[in-house]
Structures are given as C-alpha cells and as structure tokens.
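Inspection log for the structure reproduced underneath, given as structure tokens.
Note: hydrogens, waters and symmetry copies are ignored here, and every other heavy atom, side chains too, is used. Below, chains carry the letters A, B, ... as their sequence lines are ordered, and counting in each starts from 1.
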Amino acid sequence: MMRASDFGWIGCHNCGAVHSKGGQTCRTCGSALHHRLPNSMQKLWAWLLTGIFFLIPANLYPLLSNEIFGHEEGHTILEGILLFAQSGDYLVAGVIFLASFVIPFFKVAVIATLALSIQHGWQLSPRLRHVLYEFVEFIGRWSMIDVFVVALLTGLVHLGAILAFLPGAGAICFALSVICTMLSAQALDAKLIWDGVTNE
Amino acid sequence: MTSLPDVTPTSDDLERRAWARLFEADPDGVIACPSCDTLHVAETIAPGQVARCKRCHFTLIAPRRDTLNRTLALALTSAMLMVAMLSFPFLTLTRQGLSNEVSILGMIGGLAHGWYMLLAIVVAMFVVGVPMLRAAALIYVVWGLRQKRPPRAAREVFRLAEAMAPWAMTEVFLIGTGVALVKVAGLARVGFEEAFWIFCVMVLVLALKNASVCRWTIWTMIRERQE
C-alpha cells in the first residue's frame with residue numbers, strides 16, 4: 001500500500017484530493033494544504049493539558065445541588081453515581097459512570113499515549129493506535145450527557161420552595177474539560193499514526 | 001570489483017510507476033485517505049455500497065440514491081421540527097399540587113443569569129444552534145447543487161457544515177433527558193409534552209440526514225460544477 005507522502009504528493013486533509021508537491025490550497029474543497037497539519041502536537045498538548053486542568057475541579061466540586069424543602073445538598077460526579085446505584089437505578093448509574101467518569105479519564109490517557117508514541121517513535125501497532133484514535137473521536141461528545149442533565153434539572157425543576165436544582169461549579173468545569181479534550185483529539189493529525197511504519 | 005546495480009524492477013517500483021501514471025493522467029482519479037494518506041483509485045460505486053480505506057477503514061465513498069433530494073428533504077424537515085420543538089412545552093413536573101411546564105427555550109432562558117449563563121450557552125449552542133446551522137448550511141449547498149451553477153460560497157459552506165458535525169449533540173441531549181427523568185422520578189410526577197416527542201423524531205431525522213450525505217459525492221459535484 002502506497003501513501004501520498006511516499007511520492008511527495010499532498011493529500012487534502014479534508015476531502016482527500018491529491019496534489020503534487022508545493023500545492024497551497026485544495027482545488028476541490030479550498031482547504032489549505034499541508035503535508036502534515038502544522039503544530040499538530042503543540043495544539044494537542046495545549047488542549048489536553050487545559051482539559052486535564054479542568055477535569056480536576058470537575059471531579060472535586062459539586063456537579064449539582066438539590067434543594068428539597070429549603071435543604072440544600074451538593075453532589076460531585078461520583079456521589080451522583082452512587083446515589084443512582086443506591087436507589088437501584090443500575091442502568092443509569094452505569095451509563096453515567098461510563099460517560100462522566102471512565103471515558104473522560106480514559107480519553108485523556110489515550111490521547112496522551114498517542115501523542116507520546118508519535119513524538120517518541122514508540123513501536124506500538126499502528127492498527128491499535130488507529131482504533132484508539134477512532135474511539136476517542138467517536139466517544140468525546142457523549143461525555144456531555146451529565147452537563148445536559150444538570151442543565152435540564154436546573155432549568156426544568158422549579159417547584160417553588162418544594163424542590164429545585166442548582167448547578168454546581170463542577171458542571172461548568174466538566175463541560176469545559178469535555179470541550180478541550182474534543183479539540184485536543186481533533187488537533188491530532190491521524191496521518192502521523194502511520195508515518196515511519198515500515199511493515200504492519 | 002563493484003557489484004552491478006540491480007536493474008530488475010521490484011513490485012514496489014511497478015506500483016510506484018502505476019500510481020504516478022494514474023496521477024498524471026487524472027489527479028482526481030486518485031484519492032488519498034484523509035485519515036491515513038493511503039492512495040486509492042477513485043471509482044464510481046453503486047448507491048448503497050460503501051468504499052472504505054484499505055488501511056484504516058475510513059469511509060471514503062458512500063453514495064446514496066438521490067442524495068441531493070434526500071438530503072434537502074431531511075434537512076428541511078429537521079429545521080421545521082426544530083422550530084416546532086422550540087415552540088411547544090417539553091416536560092411538565094407536578095408535585096403536591098404545584099405544576100411546572102417548561103419548553104427548551106424556557107429552560108435555556110431560566111439558566112441565563114449569573115455564571116449559569118455558561119451552561120445556557122453550552123446547551124443553546126450544542127443542542128439548538130449547531131444542528132440548525134449545519135442543516136441551514138447543507139440546505140444552501142444542496143439547493144445550489146440542484147441548480148446548474150452552485151453558489152460561489154458552496155465550498156466554504158460545506159466545509160463549515162462538515163466541521164460542525166461533531167458539535168451537534170441532539171442525541172446526547174436525548175440520553176441526558178432520560179437520565180434527568182430518572183433523577184426526578186421519585187421527587188415529582190413527570191408528564192411528556194409535545195416538544196419531547198417532536199425532539200425524538202428530530203433526532204431520528206437528523207441521523208437519517210447525516211447518513212444521506214456522501215462527502216466525496218458532494219465534493220466531486222462542487223468541483224465539477226465550478227470548473
């Protein structure tokens with residue numbers, strides 16, 4: 001299997017049109033042409049570190065407070081999951097555990113591993129790296145579930161003094177963390193995964 | 001004594017020359033996978049079939065029957081459903097005689113004060129704004145392609161529509177609604193209103209719309225008609 005870079009050609013990162021050496025903009029889609037996306041790794045690390053930075057308060061501060069008859073009580077992400085599990089809603093507890101706890105940390109670890117393996121030329125299977133990359137790209141947006149839950153509960157539930165929900169500082173930190181890690185995954189030029197691979 | 005250079009072409013050399021010939025004959029006859037850079041010969045395939053990258057399995061070409069009309073119809077439908085969804089109440093909560101009926105706009109408006117504003121912006125953008133902008137962008141491009149000459153901005157607008165795709169989160173919001181309902185189930189009685197059902201249909205229509213767009217087909221059309 002031959003790649004455009006084997007010929008010095010440039011494959012458009014957006015539409016796949018092939019251009020000879022020195023092309024500036026894609027004749028098909030008008031995107032700027034790059035052999036490999038410029039500063040891919042710097043952007044990736046910048047977004048990833050910001051994402052990790054927000055992930056810490058997201059887990060330490062309450063995500064949501066319920067106010068039942070004037071009694072206010074805040075819960076972090078993990079406490080919220082425990083509440084679901086205690087009331088017997090194991091399916092919901094499982095979904096939130098995956099979307100809000102496992103995936104954010106796993107995603108950060110995967111992006112960091114991909115970046116380090118590319119920068120240090122680790123001999124990881126490109127196929128495995130590609131599967132991890134696809135997974136991270138696909139799963140990123142699903143972590144927003146908990147943010148939407150907080151917004152819905154706060155915006156929907158206003159039953160006077162009886163019952164109300166208030167968003168906690170953790171919610172916005174979590175949303176920012178998800179956005180930053182999505183941008184981090186998008187900054188990765190997947191073509192780098194296959195560079196310098198001699199045989200698969 | 002120096003050894004003679006090996007002059008018999010290896011299979012690698014043959015493949016190299018074949019690609020070079022193909023590229024010289026017609027640069028658009030060759031596709032480099034946008035995800036992994038592997039070269040492929042661009043071939044027209046039947047609607048419903050999918051051509052994937054032989055190295056990384058990225059979907060290169062996935063033509064649909066009647067793709068322009070179908071995309072246009074589904075994008076228009078999703079836009080109309082969004083307008084309808086926003087104008088009806090979403091859920092009703094009842095507890096101890098107190099009842100509260102809220103629409104999605106009401107929910108966003110209720111959040112829009114103090115730092116909660118950030119949450120309101122997140123929801124307004126990812127659930128309402130981006131999906132609608134994407135639908136509008138697709139309508140613009142596809143409508144243009146159905147005419148003889150596509151509008152000048154078709155390339156920029158389609159690129160924008162594709163870049164927005166990961167940020168349209170209606171289906172994530174629907175799962176979030178499910179979780180929120182479980183959370184309030186023990187605290188208040190929940191009634192599903194019109195907008196909730198419209199939202200469910202809209203998620204389905206948006207998924208069908210995304211599946212009806214073949215990027216390669218659209219890009220090829222834009223290129224050919226702008227020449």
Side chain / backbone / both / neither for A/E137 at chain B, heavy atoms under 4.5 Å: neither
Distance-only side-chain donor-acceptor flag, B/T217 / B/T67, under 3.5 Å: no
Chain A interface, residue from B/C36, B/G176, B/G109 that has the most non-hydrogen pairs under 4.5 Å: B/C36
Choice from A/D89, A/V95, A/I179 maximising heavy atom contacts with chain B below 4.5 Å: A/I179
For chain A, the option from B/F90, B/F126, B/F158 that forms the most heavy-atom pairs under 4.5 Å: B/F126
Pick from B/A32, B/A154, B/A163 with the largest number of heavy-atom pairs that fall under 4.5 Å of chain A: B/A32
Contact origin within A/I193 toward chain B - heavy atom pairs under 4.5 Å: neither
Residue B/L118 versus chain A: region with a heavy atom under 4.5 Å: both
Heavy-atom proximity to chain B below 4.5 Å, by part of A/L188: neither
Partner residues of A/Y133 under the ring pair (Phe, Tyr, Trp, His ring centres under 6.0 Å) criterion, sequence neighbours left out: none
A/D195 versus chain B, the contacting section by heavy-atom distance below 4.5 Å: neither
A/F53 atom CZ: more than 12 heavy-atom contacts under 6.0 Å: no
Interface moiety of A/R129 toward chain B, non-hydrogen atoms closer than 4.5 Å: neither
Flag for B/T59-B/R52: side-chain donor and acceptor within less than 3.5 Å: yes
Donor on one side chain, acceptor on other, A/T28 and B/R223, under 3.5 Å: yes
For A/F97, all residues meeting ring pair (Phe, Tyr, Trp, His ring centres under 6.0 Å), sequence neighbours excluded: A/F101
Region of A/C29 that comes under 4.5 Å of a non-hydrogen atom in chain B: both
Among A/A169, A/A190, A/S87, residue most engaged with chain B (heavy-atom pairs, under 4.5 Å): A/A190
Heavy-atom proximity to chain B below 4.5 Å, by part of A/F138: neither
Toward chain B, the part of A/S143 with a non-hydrogen atom under 4.5 Å: neither
Plane angle bin for A/F7 and A/W9 - parallel if under 30°, tilted between 30 and 60°, otherwise perpendicular: parallel
Proximal component of A/V18, with respect to chain B [non-hydrogen, under 4.5 Å]: both
Aromatic plane relationship, B/F173 with A/F148 - under 30° parallel, 30 to 60° tilted, over 60° perpendicular: perpendicular
Any donor-acceptor pair under 3.5 Å from B/R155 side chain to A/R27 backbone: yes
